[in-house]
2 protein chains.
Amino acid sequence: MLRSKFEEELEKLYNQFYAMGTEVVGQLNKAVRSFVTHDRELAREVIEKDEVVNEFESKLEKKSLEIIALQQPVSQDLRTVITVLKASSDVERMGDHAASIAKATIRMKGEERIAVVEKQINEMGKAVKQMLEEAFEAYINLDSDRAYEIAASDEKIDNYFRDIQNLAIEEIKKQPATLFAGKEYFQVIIFLERIGDYARNICEWIVYLETGKIIEM
Amino acid sequence: MLRSKFEEELEKLYNQFYAMGTEVVGQLNKAVRSFVTHDRELAREVIEKDEVVNEFESKLEKKSLEIIALQQPVSQDLRTVITVLKASSDVERMGDHAASIAKATIRMKGEERIAVVEKQINEMGKAVKQMLEEAFEAYINLDSDRAYEIAASDEKIDNYFRDIQNLAIEEIKKQPATLFAGKEYFQVIIFLERIGDYARNICEWIVYLETGKIIEM
């Protein structure tokens, strides 16, 4: 195979990972929207589309392994492939978590809810979505300085996580009939918090991709 | 480098992944034990030792990348390295989740609890631990037939997950003072359920390692 053909394959892999990321940002956005607007139709759409995310992962894994085995890439090229190979699992898990939020939307049918908590969950969802979008932008721009900044914004998400739990506990005490909804809130914010955690991991891989350094943010 | 030296390195990598797995099984075991026996001392030990698991991951990642870059392994050898590279993130996340359970133990200090729920969480924890142990055994024995069986046992964990939620909701309704504990229960079982999910992933990598096939269990 000609070198130029190899470069083309590599660029395609790089872009496909970004495409997978874009897909998951959309999934997260719709999942949170379905949850806070109680839109089960939209939730079902997210659940169905999780398959697309899973297929992205298997394709990217297969392609990465094929490139490593057949082309034996080195230095930056190798790092491009390794990053996709490693980080695609994280993106797939983000997709899983978005689907889990959508499933919570469906279970919530007819349950008594807590509007102030859902408002906060919406805000937390927006913060996570922003972090995720920025992480994929930093990836496509190969910008490890930005990656460090974005990873630091995970703190904001951790604050939402803590505050929403306290708020929900106070509210459920006042209205015990919201307990089932409360259970879903406690779990949905875990999914959001984990997505933030995975986004931080993507940032670590951007640094590896640009610098070759394996770091812990 | 002589071929035999390379083989030695590869075997060491293979064994170190197993050692990391063993470490995480221990962490999970202690985390669940600390949670159900309200042992904050033990919980702190788990939290501190999470660092050891993280170090395992960075070492295994670095070593895997080094082997790929310098030795350009092929076929089964390459698969050995790829499996460690991919699956070590899963094992690290399991360790994170064990630490999260230990942190819940500490937050529960002085809170009113629900004994029947904790008993079930203990059972769920045992099932997850068994699944995990078996997955690492199948890895070290390179037994993909077993890997399929083990992956299927994830269903048992999903049943615990559902049943414990229902039980906890009923019990909190009866004793509203247990709400804070209830929040922790809802979250601890998510961590356990996710560990089961990661164990299923390890099983997928065992199949890849033995057969070269990338599958979804």
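Just so we're on the same page: letters track the sequence lines, and every chain starts at 1.
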TODO: Report the option among B/F180, B/Y198, B/F191 that has the most heavy-atom pairs separated by less than 4.5 Å from atoms of chain A.
DONE: B/Y198

Open item on the list: Heavy-atom pairs under 4.5 Å with chain A - which of B/D96, B/I172, B/L78, B/L179 has more of them than the others?
Closed with: B/L179

Is chain B contacted by the side chain of [X], its backbone, both, or neither, given a heavy-atom distance below 4.5 Å?
| X | answer |
| --- | --- |
| A/R79 | neither |
| A/N54 | neither |
| A/I214 | both |
| A/I190 | side chain |

Open item on the list: Under a 3.5 Å cutoff, is there a donor and acceptor pairing between the side chains of A/K183 and B/Q165?
Closed with: yes

Task: Donor on one side chain, acceptor on other, B/E118 and B/Y185, under 3.5 Å - done: yes

TODO: Select one option (side chain, backbone, both, neither) describing which atoms of B/I169 are under 4.5 Å from chain A's heavy atoms.
DONE: both

Open item on the list: Report which part of B/L85 has an atom under 4.5 Å of a heavy atom belonging to chain A: side chain, backbone, both, or neither.
Closed with: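 For B/L85, backbone and side chain are both near chain A.
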
Open item on the list: Using a 4.5 angstrom heavy-atom cutoff, name the option from A/I215, A/D90, A/V74 with the most pairs to chain B.
Closed with: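 Sorted descending by pairs with chain B, the first entry is A/D90.
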
Task: Partner chain B: residue of A/E57, A/E216, A/K62, A/Q187 with the largest heavy-atom pair count (under 4.5 Å) - done: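 Counting heavy-atom pairs under 4.5 Å, the top option is A/Q187.
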
Open item on the list: Taking A/E171 first and then A/K174, would you say they form a salt bridge - that is, a charged N and a carboxylate O separated by under 4.0 Å?
Closed with: yes

Task: Straight-line distance of A/I101 CD1 to A/I121 CD1, nearest 0.5 Å - done: 9.0 Å

- [ ] Would you check, one step at a time, whether the test ring-ring contact (aromatic ring centres under 6.0 Å, His included) holds for B/F56 with B/F17?
- [x] CA-CA 8 Å; B/F56 256 117; B/F17 179 79; 9.5 Å; no

Task: Exercise: identify the closest heavy-atom pair between B/S144 and B/T211 - done: OG-CG2, 4.2 Å

Task: Where A/V116 and A/L167 come nearest, the two heavy atoms and their spacing - done: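 Nearest heavy atoms, A/V116 then A/L167: O-CD2, 3.9 Å.
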
